> 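Right, I'll just put the structure down here and ask away after.
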Amino acid sequence: MNIVIFGPPGAGKGTQSLRLVKEFNLSQLSTGDLLRDEVNKKTNFGNQIEEIMKTGGLVSDDIINNLIEKKISDPQFKNKIIFDGFPRNLDQAKKLDILLEKYDQKMSLAINLKVDNEILTKRITGRVICSVCNKTFNIFFNPPKSCEIKECSKRKLNQRSDDNEETIVKRLKTYDEKTFPVLDYYLKKGIIKNVDGMQEISAISDQLFTVIRALRS
Ligand code: ADP
Ligand code: ADP
């Protein structure tokens, strides 16, 4: 089944997506990760994207649609995608439906992780990422522990360049203005599941596992 996971920056979309990937053999499509891959290539295109990400705005729909069609059109991921950080505005949501139809797929569930703004700020400023295995930790809520991969002993814990207080305010504003209305789009389709994203990480995933198992049976 295809799933979309919603929530403001820092809500726990990436953290929960990884758990769902493992539990249900899904494939994560994080537009933020795909954009950061482009930025790391240090091309002109990557530099342009980086400027937009630094301001907390949205990268153009054309760029995003290009990135996602590659994944949706790949038969090995048919009806097995968890969309993390996409769609982020109504046009992207409509485009996603067109693409799903084109490749004979459907969206089964839209998870909405709800978290208060003060907690989001702390989650984002405390987010650190392992330089070896890319796992995300949090210096306040989910302290970095040794990873499963041996080389992780030599890791650095990196912070995202947009995870600073100034950009966070803008990212939250972008979420309220552009992304929040997308929830209504999925509400009308009757596939929204609201989840309290302020619970412990595993309590949230347990709840999600139950919802998804029920849908699959
Ligand atoms: P998003 O992908 O929505 O931006 P992440 O999954 O990267 O969010 O989580 C943001 C930060 O908050 C990370 O540092 C992560 O370890 C931490 N985090 C995620 N879920 C929880 C939770 N339920 N409780 C406490 N901290 C969390
Ligand atoms: P978070 O969920 O913590 O906000 P992401 O990694 O999903 O972080 O996104 C980081 C940045 O990448 C966003 O602030 C935005 O600039 C850009 N971005 C990610 N996904 C999209 C998208 N679907 N459309 C436009 N811009 C995007």
Side-chain angles (χ1 to χ4, degrees), residues 4-21 28-39 46 48-69 71 82-96 99 111-116 118-130 134-145 147 157-164 166-180 182 195-208:
V4 55
I5 185 156
F6 271 108
K13 302 180 295 293
T15 303
Q16 295 301 331
S17 294
L18 283 182
R19 289 173 167 233
L20 298 180
V21 161
Q28 179 191 21
L29 192 165
S30 158
T31 42
D33 284 349
L34 293 174
L35 292 170
R36 279 183 286 279
D37 288 346
E38 291 298 327
V39 169
Q48 282 168 23
I49 293 175
E50 189 174 25
E51 282 313 302
I52 300 166
M53 290 170 85
K54 272 190 192 158
T55 66
L58 294 184
V59 173
S60 83
D61 290 349
D62 283 348
I63 293 177
I64 297 292
N65 293 338
N66 237 324
L67 291 175
I68 62 149
E69 182 157 5
K71 182 106 182 183
I82 173 148
F83 294 89
D84 162 11
F86 173 89
R88 252 178 158 94
N89 61 30
L90 267 178
D91 283 340
Q92 290 184 7
K94 289 176 189 162
K95 177 70 185 183
L96 176 57
L99 286 176
I111 298 162
N112 178 27
L113 289 176
K114 295 170 95 166
V115 179
D116 291 348
E118 315 85 77
I119 295 190
L120 290 175
T121 306
K122 216 163 169 195
R123 281 197 189 171
I124 297 171
T125 49
R127 172 161 53 193
V128 286
I129 298 144
C130 171
N134 242 359
K135 217 171 161 198
T136 299
F137 300 98
N138 194 287
I139 56 173
F140 305 116
F141 302 119
N142 179 21
K145 43 185 180 290
C147 310
L157 290 168
N158 293 327
Q159 246 202 321
R160 272 169 49 179
S161 59
D162 58 345
D163 277 353
N164 57 72
E166 196 189 328
T167 311
I168 292 166
V169 175
K170 294 182 192 147
R171 282 159 65 196
L172 289 173
K173 191 163 178 278
T174 304
Y175 178 81
D176 287 342
E177 289 174 3
K178 307 255 171 67
T179 312
F180 189 73
V182 183
V195 174
D196 175 4
M198 296 198 285
Q199 307 171 79
E200 292 279 321
I201 293 176
S202 24
I204 299 171
S205 15
D206 285 348
Q207 195 179 338
L208 295 178

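Reckoned from all heavy atoms, side chains included, excluding hydrogens, waters and symmetry mates. Both ligands and their constituent atoms are indexed starting at 1 by order of listing. Being a predicted model, the structure only gives us computed values, none of them experimental.
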> Out of all atoms in ligand 1, which are within 4.0 Å of some heavy atom of Ile204? Include the element for each.
23 (N)
> Examine ligand 1 and decide if any of its atoms is less than 4.0 Å from a heavy atom belonging to Gln199.
yes
> Hey, is Asn142 touching ligand 1 through its side chain, its backbone, both or neither, going by heavy atoms under 4.0 Å?
side chain
> Got an N/O contact under 3.5 Å between Val128 and ligand 1?
no
> Under the criterion side chain to side chain contact (heavy atoms under 4.5 Å, CB included), which of Arg88, Lys95, Lys94 is the partner of Gln92?
Arg88
> Is any side-chain heavy atom of Lys54 closer than 4.5 Å to one of Asp162?
no
> Measure from the side-chain N and O atoms of Gln16 to the backbone N and O of Gly12, and report whether any donor-acceptor pair falls under 3.5 Å.
no
> Ion pair present between Lys122 and Glu118, side-chain N to carboxylate O less than 4.0 angstrom?
no
> Ion pair present between Asp33 and Arg36, side-chain N to carboxylate O less than 4.0 angstrom?
yes
> Please work out whether any backbone atom (N, CA, C, O) or any side-chain heavy atom from C-beta onward of Met198 is under 4.0 Å from ligand 1, and answer side chain, backbone, both or neither.
neither
> Do any N/O atoms on Thr15 end up under 3.5 angstrom from N/O atoms on ligand 1?
yes
> Who pairs with Phe83 by ring-ring contact (aromatic ring centres under 6.0 Å, His included), at least two apart in sequence or on another chain?
none
> Is the shortest side-chain heavy-atom distance between Leu58 and Asn89 below 4.5 Å?
yes
> Is a side-chain N or O of Thr174 found less than 3.5 angstrom from the main chain of Lys170, in a donor-acceptor match?
yes
> Give the residues near ligand 2 by chain and number, with the criterion being a heavy-atom distance under 4.0 Å.
Pro9, Gly10, Lys13, Thr31, Gly32, Leu35, Arg36, Met53, Gly57, Leu58, Val59, Ile64, Gly85, Phe86, Arg88, Gln92, Arg127, Arg160, Asp162, Arg171
> Does any N or O in the side chain of Lys13 come within less than 3.5 Å of the main-chain N or O of Gly7, such that one atom is a donor and the other an acceptor?
yes
> Is a side-chain N or O of Gln159 found less than 3.5 angstrom from the main chain of Thr125, in a donor-acceptor match?
yes
> Can you sort out which atoms of ligand 1 are near Phe141, meaning under 4.0 Å from one of its heavy atoms?
25 (C), 26 (N)
> So which bit of Leu113 gets within less than 4.0 Å of ligand 1, heavy atoms only: side chain, backbone, both or neither?
neither
> Polar-atom distance check: Glu200 versus ligand 1, any N or O pair below 3.5 Å?
no
